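The next block holds one structure in the form of structure tokens; read it before the comments.
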Amino acid sequence: MAWFQHVKLYIASCINLFTKIQKPYLSMAMDSKECSLLPFELFEEILCRVPTKSLLRLKLTCKRWLALFNDKRFIYKHLALVREHIIRTNQMVKIINPVVGACSSFSLPNKFQVKGEIYTMVPCDGLLLCIFETGSMAVWNPCLNQVRWIFLLNPSFRGCSCYGIGYDGLSRDSYKILRFVNGVFTKNEYANTGSYKPEVDIYELKSNSWKTFKVSLDWHVVLRCKGLSLKGNMYWIAKWNRKPDIFIQSFNFSTETFEPLCSLPVRYDVHNVVALSAFKGDNLSLLHQSKETSKIDVWVTNKVKNGVSILWTKLFSVTRPDLPVLLAFENLSYPVHFIDKNNRIVVCCEEVLADKRNVAVNIYVIGEDEIKRQDEIEQHQLGFSWPFISGYTYLPSLVPVPSSEDNTPE
Amino acid sequence: MSSKMIVLMSSDGQSFEVEEAVAIQSQTIAHMVEDDCVADGIPLANVESKILVKVIEYCKKYHVDEANPISEEDLNKWDEKFMDLEQSTIFELILAANYLNIKSLFDLTCQTVADMIKGKTPEEIRSTFNIENDFTPEEEEAVRKENQWAFE
């Protein structure tokens, strides 16, 4: 029984030790104003649950708080708790918190106007990889108003290229950018070779350097799929060139290789809406709406991890007369969605108004038994929806845009 | 069915008899129960009776009874009422939830304070938490400029 008594004594001494640590704080409570009695580590726990916009304002509280909000460990702790928002960059930056219905707008960074319209963006950890009409590339954190321009290796045919952003390893101190030419635009799908060898470019932000290699790709990313960055890797809906099968393709930024992941849980039809997003931070989700029936299905995977098989399960299906048609016409913007903490989908889409001349950008929150439409985000004329995507999911974060080790100026 | 009871002793000497199943929502207590050192009661030297009462109230509510499940909406409403407390009490609850290692209570209390902090200005925060402003006007202006989005 001797070991048992040792354990009892050990626990008792731990409690005593804790009391000794706690006492100074508890006595402080008696003297000073009510609330100085928390050790700073517990204050951190509170602050990492405060929305980003408020934290930015509170940088001015005192230098210790400013230092905390610039501390990498705190930044990622906070990032893990940030709720998804939607960002649009049509002339102004609009950051929308769909669940609460709040929207803040402010102007785009100065240089952005010079570079033209943003053609596509890939979000990762609150950083946005922006590709401009002109082919220019930048990494941007709108919350911190930080922009880093990426020098280009060679002129890019941005219309045919796919882009990605992710990181190497778990410590997240090596963010990388991927670019490759998407086969479907350069090779006739029915041509006999079925594969091509485009250049695949990888840029490392830390070392401010590109490297290029040629890989044989016998697949291409399907039209309208912009790619998803999740846990440091990229994911797309892709199709084999020589067979009709559709699958999820991934790019691993650690091994710098493409790795087919799994097949889709639905039969792919180019007329239906099929969109990839994240789920609970570690998993994939698929939104599917049939053009014929308007039925919406939401599928999710298990945790995406090396060596683990991916299994899809249906989160829910919904059919009701007031469901929005997420993509009524091909020339409207493709919808964007995420799944909120109550397992409802939040989707941003364009809908043609009754006058058949104007288009409204709307956000819906759709659950198994409920549907709610938020206030209209904006309206514009039908005819040309640029840049063909309703918006991007976005995590307002404190993650700084990585600077290069050689401190090359922009 | 008789449920096993254990005794929790607050720092100010009060004793509370609680069902073991309810109490082990605290990981700290759960470990002690596992190590079988609860025979004489568990002294909680840093939890005052006033706070321990609230902790026990919370644990009782969250002790899931399969026969009477509570809807999430009702639980959320109960949480709101439960957290209608003075700031200093909430802070002491955070400390207690941390020490007793009750994750859901810790999350709830921290989130409550985070929600309080959310809408406040730096001046209000400083006054609430007795923090000194150690920025010079120039330093303050530099931070403000850098974070335009937050100040609109």
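Chain identifiers are assigned alphabetically (A, B, ...) following the order of the sequence lines, protein sequences preceding nucleic acid strands; residue numbering begins at 1 within each chain. Computed from a prediction, not measured in an experiment: that's the story for all the values here.
- Around NZ of B/Lys60, the count of heavy atoms belonging to other residues, nucleotides or ligands within 6.0 Å does not exceed 12.
- Here A/Leu38 contributes atom CG and B/Ile90 contributes atom CD1; the two are 11.0 Å apart, rounded to the nearest 0.5 Å.
- The shortest side-chain heavy-atom distance between A/Asn145 and B/Lys145 does not fall under the 4.5 Å cut-off.
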Please tabulate, for side-chain N and O atoms in residues 112-119 of chain B, each donor-acceptor pair with protein atoms closer than 3.5 Å (sequence neighbours left out).
{"residue": "B/Thr112", "atom": "OG1", "partner": "B/Leu108", "partner atom": "O", "Å": "2.7"}
{"residue": "B/Asp115", "atom": "OD1", "partner": "B/Gln111", "partner atom": "NE2", "Å": "3.1"}

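- The structure places CZ of B/Arg144 at 12.5 Å from CG of A/Leu56, a figure rounded to the nearest 0.5 Å.
- The number of heavy atoms from other shown groups lying within 6.0 Å of CZ (B/Arg126) is above 12.
- Residue-environment remark: CD (A/Gln91) stays at or below the threshold of 12 foreign heavy atoms within 6.0 Å.
- Within the model, atoms CD of A/Glu45 and CG of B/Asn98 stand 7.5 Å from one another, a figure rounded to the nearest 0.5 Å.
- Of the two parts of A/Leu66, only the side chain, counted from C-beta on, holds a non-hydrogen atom closer than 4.5 Å to a non-hydrogen atom of chain B.
- Contact between B/Pro122 and A/Arg57 at its shortest, heavy atoms only, is CG-O, 3.4 Å.
- Other residues, nucleotides and ligands place no more than 12 heavy atoms under 6.0 Å from the CG atom of A/Asn110.
- Screening residues 51-75 of chain B for ring-ring contact (aromatic ring centres under 6.0 Å, His included) gives B/Tyr58-B/Tyr62, B/Tyr58-B/Phe82 as the qualifying pairs, with residues at least two apart or on separate chains.
- Taking each heavy atom of A/Leu60 and B/Asn133 in turn, the nearest pair found is O-OD1, 4.4 Å.
- Relative orientation of the A/Trp65 and B/Phe129 rings is tilted, given thresholds of 30° and 60° on the angle between their planes.
- Within 6.0 Å of the CG atom in B/Asn76, the count of heavy atoms belonging to other residues, nucleotides or ligands exceeds 12.
- Contact of B/Thr121 with chain A is made through the backbone alone, with heavy-atom distances under 4.5 Å.
- Within the 4.5 angstrom heavy-atom criterion, only backbone atoms of B/Glu132 (N, CA, C, O) approach chain A.
- In summary, A/Arg49 and B/Asp107 engage in a salt bridge, as defined by a charged side-chain N under 4.0 Å from a carboxylate O.
- B/Phe106 is listed as a side-chain neighbour of A/Leu42, based on a closest heavy-atom distance under 4.5 Å.
- Annotation: A/Lys63, atom NZ; neighbour count of heavy atoms from other residues, nucleotides and ligands within 6.0 Å is above 12.
- Environment of NZ in A/Lys314: crowded, with over 12 heavy atoms of neighbouring residues, nucleotides or ligands closer than 6.0 Å.
- Nearest heavy-atom pair, B/Val143 versus A/Lys59, reported as atom, atom and distance to 0.1 Å: CG1-CB, 3.8 Å.
- Top candidate by heavy-atom pairs under 4.5 Å with chain A, chosen from B/Lys120, B/Glu124, B/Glu139, is B/Glu139.
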